[in-house]
**Student:** 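I am attaching a structure below and will ask some questions about it afterwards.
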Amino acid sequence: MAEQLHDRVVHTKPEEEGYERGLGGRQIQMIAIGGAIGTGLFLGAGTAISKSGPSLILSYAVAGVVIFAIMRALGELLTYRPVSGSFAEYAREFLGPFAGYVTGWTYWLFWVVTGMAETTAAAVYVKFWAPGIPQWLSALTFLVVLYGANLISVKLFGEIEFWFSMVKVTAIIGMILIGVGVLTLGFSDAGDTASVSHLWADGGFFPKGIGATVMTLQIVMFAYLGVELVGVTAGESENPEKTLPRAINTLPWRIALFYIGALVVILSLVPWTEFQPGVSPFVAAFGKIGIPAAAGIINFVVLTAALSSCNSGMYSTGRMLRDLALSGQAPGRLTKLNARRTPAAAITLSCALMGVGVVLNGVVPAKAFEYITSVATVCGLWTWAMILICQIRYRKAWKAGHLPAPTFKAPGGVWSSWAALGFLVLVVVLIGLDEDNRISLYVFPGWAVLLVIGYQVLKRRNPAAVRGVARAHDGAHDRSHARDGG
């Protein structure tokens, strides 16, 4: 059985993909860090704090352990076969062509709708300084600039992502250092009231009960969406066998510092009762300390976070769409690389759809756009579940002697993956119980129906693609396109 799984598809070897291995260790590290820090922390944490109080720290810690289990499972797969279309490729190999088809298109959709939302958000943040600039113009400008950067080279993408991540990291570390100074030395406007006792003094560590804390787990998991992006970089990393495990292994301290550390400091500076939904906890903490232009500083940081997410979206959708095309599960024209060995056709299509989304946000009711983007949450959970299931199947094939042993073993083996899968099921249940977020569970079945219809059409038009024996083009063909400027 395991041998049949392995032989079900025609594998793409890393060297056959035709990409330039232009991402160095420094860039991979910062892409991994940036993927774990988004607007969910800078903006969304305020809502979560108001719902659960200081116990939100525990929610981030528990979710962080699960995310680490998912990433170590991914790391095991990446060192077995580091390819750019990693999630879809592994699903195709271990679960069959339909699973690869669903996973590839679902992850593509995840970043397309995320790109729509984040580009719109970035345009809104610009209005903080320049209210006279039309929102559509800011959004279009960001799209064009990032689109051009992604076409030029993967090195430029990596460099832009490096500096975007640096802004986020600097903001959090600066907040932590200033907060620790206030707590220990007592300076600033918050010096007289700041105290670690705020973590338990105002109604205890669980002021709204353990149930409220459990309900925040689904909010917290969404804050981690995008952490798996490092897996898409596998096909373009200079030395994936070394850089990817190193990036994954640093995840626990990143979560401890950037999430748990930041929240401990913020909740020590400002009593949790003073946080309001929709208000950045960083703005509240900076304001309490008396830092001038606190709102402007955080607005710049969240603008950076939004652009970083959009930049990542263009990168990952291009690679995932091309992987689908190579498997015959998307139009063959999308396999083309340009002279700089970037998937220009796939990036162009994805970027065009992001642009359509920005226009839709301006002409359709806000609720309609919310329905479109809400599907991203379940898309992310699907991708994580596929990573875990594929790692379990890989382990089974390895134990049977059909595949090589992993060189970067996940701690806990398959048991940690089963536990993480159980946690993801719990998160889906919590989404269903939350009136504000259950919309994503309503929208996703519509996407599933579209996928099934598309697969039936594919069966008739390209039977080889659904039998798992089609690779639309080989590496030599793609490289010839690159040489010809195709």
**Student:** More than 12 heavy atoms of other residues, nucleotides or ligands under 6.0 Å from CZ of F300: is that the case?
**Tutor:** no

**Student:** Is there a donor-acceptor contact under 3.5 Å from the side chain of T141 to the main chain of L137?
**Tutor:** yes

**Student:** Using every non-hydrogen atom in the two residues, find where N437 and Q218 come nearest and quote the distance to one decimal.
**Tutor:** ND2-OE1, 3.1 Å

**Student:** How long is the straight-line distance from CD1 of I248 back to CD1 of I67, given to the nearest 0.5 Å?
**Tutor:** 12.0 Å

**Student:** Please lay out, stage by stage, how W105 and Y101 fare under the test side chain to side chain donor-acceptor pair (under 3.5 Å).
**Tutor:** CA-CA 6 Å; W105 280 111; Y101 167 85; 4.8 Å; no

**Student:** Side chains of S416 and R72 only: does a donor on one sit below 3.5 Å from an acceptor on the other?
**Tutor:** no

**Student:** Do Y107 and E228 have side-chain atoms, one donor and one acceptor, less than 3.5 Å apart?
**Tutor:** yes

**Student:** Within the 4.5 Å heavy-atom criterion, are T304 and L307 side-chain neighbours or not?
**Tutor:** no

**Student:** Ignoring hydrogens and angles, tell me if any N or O in the side chain of E93 forms a donor-acceptor pair with the backbone of C390 under 3.5 Å.
**Tutor:** no

**Student:** Under the 3.5 angstrom rule, does the side chain of Y90 hit a backbone N or O of R81 as a donor-acceptor pair?
**Tutor:** yes

**Student:** So how far is it from M30 CE to I160 CD1, rounded to the nearest 0.5 Å?
**Tutor:** 14.0 Å

**Student:** Would you say the side-chain atoms of Y394 and W398 include a donor-acceptor pair closer than 3.5 Å?
**Tutor:** no

**Student:** If only atom types and distance count, is the side chain of T335 paired as donor or acceptor with the main-chain N or O of G332 below 3.5 Å?
**Tutor:** yes

**Student:** Please determine, by modelled atom types, if T342 and N338 share a side-chain donor-acceptor pair under 3.5 angstrom.
**Tutor:** yes

**Student:** Within a strict 4.5 Å, meaning less than it, do heavy atoms of the I387 and F87 side chains meet?
**Tutor:** yes

**Student:** Would you call E236 and K155 a salt bridge, taking side-chain N to carboxylate O under 4.0 Å as the test?
**Tutor:** no

**Student:** Taking the six-membered ring for Trp, is the centroid-to-centroid distance between Y224 and Y259 below 6.0 Å?
**Tutor:** yes

**Student:** Main chain of G158, side chain of E161: is a donor-acceptor contact present, judged purely on distance under 3.5 Å?
**Tutor:** no

**Student:** Quick one: CH2 on W382 to CZ on F444, what's the gap to the nearest 0.5 Å?
**Tutor:** 6.0 Å

**Student:** Are any non-hydrogen side-chain atoms of K127 and S138 less than 4.5 angstrom apart?
**Tutor:** no

**Student:** If you count heavy atoms of other groups shown closer than 6.0 angstrom to CH2 of W129, is the number above 12?
**Tutor:** yes

